[in-house]
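Take a look at the structure set out below.
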Amino acid sequence: MPELPEVETIVRGLRDRVIDKKIINTELRYDKLFRDCSGKILDQESRDKFIKTIENKRITDLRRRGKYILFQLEDINIIVHLRMTGKFSSDEDVLNDKHTHLVFWFEDGTFLLYNDIRKFGTFQTALCSEDILKTSMSKLGPEPLGEDFTLEYLTAELKNTKKNIKAFLLTQEKIAGIGNIYADEVLFFAKVSPKRPGNQLSDKEIKSIHQGVIEKLRMGIEAGGASIRNYVNESGEKGNFQNLIKVYGKKGEKCQECETTFITETVAGRTSTWCPNCQK
DNA sequence: ACTGATCCCTGCCAGC
DNA sequence: TGCTGGCAGGGATCAG
């Protein structure tokens, strides 16, 4: 599942491939893919209109914000969220795959396709900059690898919440880009149980969580993401972070630090795995 | 302020 | 073998 490091890997790989390319045709095969800025599925008329609007536009920029990918097409924006299984590819073998839902054809004969087995991914259209402000992307909290994610910020937010730390880490409005894998890994790193309320964490624990967020996400990017299930980057390559995972998904396995058997339970509505001995 | 359920969707796996 | 049911998962949304 693409989280910040996976999305970052994809965007880095895609930039050279699509920036400055002019779209001459948009082949949409799944009616529910496009949404408006509030997330509502576009009806046929709006869809057709939008596709017409981006015809002959150039992709002028491609950026990541949290887990979102922002395509800038001159004056128009498309905000993509890959959710669980969304992928971009330029592989001809995938063109006719039954899960390929969109193909952008470029002037130079190349193409970019979007493939998504579970169809959870979304393409939000933002026709003007005011539209962007209405999307959930603009409600995101600080980038965890940016300068706004300071220890002071994290401390203030955590002291002020009764929410358990796992739920907090997954709240995109507080920190952008963390999902279930990196949340579990960060908490193992920080030796904190996912169930601990934010306002009961010590300064030392908050510092470890802060450090863990930065360290684990950096490791994830460096490894080219985590290929759990079927994540591959824009070139169809797997990442390596799955080999560096210490706790996520290791139900019934033993902690490599202390040999205690991990606990797996639903916390914050997500399957969570942790070491009851190391993580207090 | 926060929790929990529901929805979207398909692949996969266990059980019969 | 082939069916069925349950589960996984991000995030929006809504009820409590």
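Letters A, B, ... are given to chains in the order of the sequence lines, protein chains preceding strands, and every chain is numbered from 1.
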Value in whole Å for how far the P atom of C:dA12 lies from CD1 of A:Ile79: 12 Å
Nearest-Å distance for atom pair CG/C1', residues A:Asn180 and C:dA8: 10 Å
Presence of A:Thr161 side-chain N/O under 4.0 Å of B:dA1 phosphate oxygens OP1/OP2: no
side-chain N/O A:Lys67 vs C:dG11 OP1/OP2, d < 4.0 Å: yes
Short side-chain to backbone donor-acceptor contact, A:Thr155 and A:Leu151, under 3.5 Å: yes
Nearest-Å distance for atom pair CD1/P, residues A:Ile175 and C:dG11: 13 Å
Pair A:Arg47 + A:Asp31: basic N to acidic O under 4.0 Å: yes
Nearest-Å distance for atom pair CG/C1', residues A:Asn164 and B:dA1: 13 Å
Test: A:Glu8 and A:Arg12 ion pair at under 4.0 Å: yes
Sugar-phosphate only, base, or nothing, as touched by A:Thr122 at under 4.0 Å among non-hydrogen atoms: nothing
Parallel, tilted or perpendicular: ring planes of A:Tyr114 versus A:His101, cut at 30 and 60 degrees: tilted
Mutual orientation of the aromatic rings belonging to A:Phe71 and A:Phe123 [parallel < 30°, tilted 30-60°, perpendicular > 60°]: parallel
Side-chain N,O (A:His81) to OP1/OP2 (C:dG11) below 4.0 Å: yes
Verdict with reasoning, A:Gln200 to A:Lys162, per side chain to side chain contact (heavy atoms under 4.5 Å, CB included): CA-CA 8 Å; A:Gln200 285 175 28; A:Lys162 289 180 193 164; over 6 Å; no
Donor-acceptor contact present, side-chain A:Glu143 to main-chain A:Ala176, <3.5 Å: no
Sugar-phosphate, base or nothing in reach of A:Phe168, heavy atoms under 4.0 Å: nothing
Where do N or O atoms of nucleotides 7-10 of chain B meet protein N or O atoms at under 3.5 Å, pair by pair?
{"from": "B:dC9", "atom 1": "OP1", "to": "A:Tyr30", "atom 2": "OH", "distance (Å)": "3.0"}
{"from": "B:dC9", "atom 1": "OP1", "to": "A:Lys32", "atom 2": "NZ", "distance (Å)": "2.8"}
{"from": "B:dC9", "atom 1": "O4'", "to": "A:Arg118", "atom 2": "O", "distance (Å)": "3.2"}
{"from": "B:dT10", "atom 1": "OP1", "to": "A:Lys119", "atom 2": "NZ", "distance (Å)": "3.2"}
{"from": "B:dT10", "atom 1": "O2", "to": "A:Arg118", "atom 2": "NE", "distance (Å)": "2.9"}

A:Leu140 CG - C:dG11 P separation (whole Å): 9 Å
Whole-Å distance separating the NZ atom of A:Lys40 from the P atom of C:dG11: 23 Å
Distance in angstrom units between A:Lys166 NZ and C:dG11 P, rounded: 13 Å
A:Tyr248 side-chain N/O to C:dG9 phosphate OP1/OP2 under 4.0 Å: yes
Value in whole Å for how far the P atom of C:dG11 lies from CG of A:Leu169: 13 Å
